[in-house]
Amino acid sequence: MSLNTTLEAIIAPIVADLGFALVRVQMNGRAGGSQTLQIMAEDPVTGQLTIAQCSAISRALDEPLEAADPIEGEYSLEVSSPGTDRLLTRLADWARWAGHEVRLKLAAAAEDGTISRKTTAMKAVIIGHEGDMVHLDMPGTGKMNVPFGQIVSAKLVLTNKLIAATRPLDMGDADEMIDEPGIETDAENDN
């Protein structure tokens with residue numbers, strides 16, 4: 001079992017118990033070096049997380065991760081929202097973001113039906129999915145059906161349409177702007 005699979009098994013139920021959906025778990029770096037455990041989650045209502053929600057997830061994971069101790073050496077924990085131009089990691093993402101542009105990398109299928117390491121990068125408009133098959137509209141080529149397992153990576157393209165379809169974050173728990181003595185703001189420079 002890979003480290004990311006082990007981590008996901010620990011993290012997913014805790015995130016779900018808090019009422020959030022896990023988007024991705026990824027361990028970056030090497031043991032003995034600088035390591036970061038990246039957890040991406042979302043509030044199913046907004047598709048995003050506030051700073052307070054990220055903090056709640058981080059606090060809830062602290063003890064279970066320490067008790068299980070699956071990571072060799074020191075690491076930093078990073079909890080974040082997937083953002084507007086999010087990664088598409090779950091099959092349900094392909095239905096939810098239908099009509100939006102996506103950049104993706106596809107693994108080439110070998111003649112024997114296995115997936116090769118060779119990838120192809122492309123841009124398309126998401127039509128949706130049926131079963132494990134993702135439906136795309138390729139500019140200049142037309143419709144294309146791709147097995148979900150062949151998608152190496154996919155990320156929404158930041159467009160005006162995507163921005164309009166995304167609810168704004170609640171900035172209520174963000175830090176306030178603080179004026180520092182001796183530092184002029186843009187408003188003061190305009191006078």
Side-chain angles (χ1 to χ4, degrees), residues 1-105 126 128-129 131-132 134 148-159 162-178:
M1 187 183 307
S2 75
L3 178 58
N4 283 343
T5 303
T6 300
L7 289 168
E8 190 167 331
I10 296 166
I11 295 165
I14 295 166
V15 170
D17 285 348
L18 292 171
F20 304 117
L22 187 62
V23 175
R24 182 179 80 166
V25 173
Q26 183 172 320
M27 192 71 200
N28 295 318
R30 292 197 173 113
S34 178
Q35 297 183 100
T36 303
L37 172 55
Q38 294 180 327
I39 298 167
M40 202 177 291
E42 67 181 358
D43 181 330
V45 175
T46 65
Q48 302 174 56
L49 289 178
T50 65
I51 295 167
Q53 291 170 324
C54 288
S55 294
I57 293 170
S58 180
R59 283 190 303 276
L61 291 172
D62 190 42
E63 250 181 63
L65 285 171
E66 191 172 318
D69 198 23
I71 302 168
E72 184 181 322
E74 299 288 318
Y75 66 94
S76 298
L77 175 62
E78 180 182 292
V79 178
S80 69
S81 171
T84 303
D85 55 342
R86 65 181 35 240
L87 295 170
L88 304 179
T89 60
R90 303 162 295 182
L91 197 52
D93 293 336
W94 296 92
R96 181 175 179 193
W97 298 104
H100 293 282
E101 294 179 36
V102 63
R103 278 194 183 93
L104 64 158
K105 285 185 184 175
I126 301 167
H129 80 88
D132 286 345
V134 173
F148 179 68
Q150 203 172 328
I151 299 171
V152 175
S153 66
K155 185 174 182 178
L156 291 175
V157 176
L158 190 61
T159 62
L162 180 61
I163 292 168
T166 307
R167 291 182 175 180
L169 275 174
D170 173 12
M171 299 301 287
D173 59 352
D175 292 339
E176 292 180 25
M177 178 79 85
I178 300 172

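Since the model is a prediction, treat every value here as computed from it, not as a measurement.
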Would you say Thr36 and Tyr75 make side-chain contact, with heavy atoms under 4.5 Å?
-> no
Looking at CD of Gln38 and CG of Leu77, how far apart are the two atoms once the value is rounded to the nearest 0.5 Å?
-> 10.0 Å
With a 4.5 Å limit on heavy-atom distance, are the side chains of Leu88 and Val102 in contact?
-> yes
Residues at least two apart in sequence or cross-chain that pass salt bridge (charged side-chain N to carboxylate O under 4.0 Å, His left out) with Asp85, listed by chain then number, are Lys155
Distance-only side-chain donor-acceptor flag, Gln35 / Asn28, under 3.5 Å | no
Take Leu22 and Val25 through the test side chain to side chain contact (heavy atoms under 4.5 Å, CB included) and record every step on the way to the result.
-> CA-CA 8 Å; Leu22 187 62; Val25 173; 3.6 Å; yes
Donor-acceptor contact present, side-chain Thr166 to main-chain Thr84, <3.5 Å | no
Could you tell me the separation between the CG atom of Leu158 and the CG atom of Leu162, rounded to the nearest 0.5 Å?
-> 6.0 Å
Non-hydrogen atoms of Ser80 and Leu49 that approach each other most closely | O-CD1, 3.8 Å
Sidechain-backbone polar pair: Arg96 side chain, Gly128 backbone, donor-acceptor under 3.5 Å | no
Using the test side chain to side chain donor-acceptor pair (under 3.5 Å), find all partners of Asp132 that sit at least two apart in sequence or belong to another chain.
-> none
Rounded to the nearest 0.5 Å, what separation is found between the CG atom of Leu61 and the CG atom of Leu18?
-> 7.5 Å
Which pairs pass salt bridge (Lys or Arg N to Asp or Glu O under 4.0 Å) with one or both residues in residues 65-75, sequence neighbours excluded?
-> none
Beyond-backbone contact of Val79 with Met40, side-chain heavy atoms, under 4.5 angstrom = no
For Arg90, which residues count as a salt bridge (charged side-chain N to carboxylate O under 4.0 Å, His left out) partner, sequence neighbours excluded?
-> Glu42, Asp93
Ile151 and Trp94: which non-hydrogen atoms are nearest, and at how many Å?
-> CD1-CZ2, 3.7 Å
Would Gln53 and Asp43 satisfy side chain to side chain contact (heavy atoms under 4.5 Å, CB included), going step by step from the backbone distance to the final call?
-> CA-CA 8 Å; Gln53 291 170 324; Asp43 181 330; 3.1 Å; yes
Per-pair distances, 0.1 Å, donor-acceptor, side chain in residues 3-15, under 3.5 Å, sequence neighbours excluded:
residue: Asn4; atom: OD1; partner: Met27; partner atom: N; Å: 3.0
residue: Thr5; atom: OG1; partner: Ser2; partner atom: OG; Å: 2.8
residue: Thr6; atom: OG1; partner: Ser2; partner atom: O; Å: 3.1

Please report the C-alpha distance between Leu65 and Leu37 in whole Å, then the side-chain angles of each, then the deciding distance to 0.1 Å, and finally whether the side chain to side chain contact (heavy atoms under 4.5 Å, CB included) criterion is met.
-> CA-CA 11 Å; Leu65 285 171; Leu37 172 55; 3.9 Å; yes
Out of curiosity, Glu78 CD to Ser58 OG, how far, rounded to the nearest 0.5 Å?
-> 10.5 Å
Residue pair Phe20, Val45: steps toward the side chain to side chain contact (heavy atoms under 4.5 Å, CB included) verdict = CA-CA 9 Å; Phe20 304 117; Val45 175; over 6 Å; no
Would you indicate whether Arg24, at its atom CZ, is surrounded by more than 12 heavy atoms from other residues, nucleotides or ligands within a distance under 6.0 Å?
-> yes
Name all residues meeting the ring-ring contact (aromatic ring centres under 6.0 Å, His included) criterion together with His129; count only those two or more places apart in sequence or in a different chain, and write none if there are none.
-> none
Heavy-atom nearest pair, Gly47 first then Ser81, reads O-OG, 4.3 Å
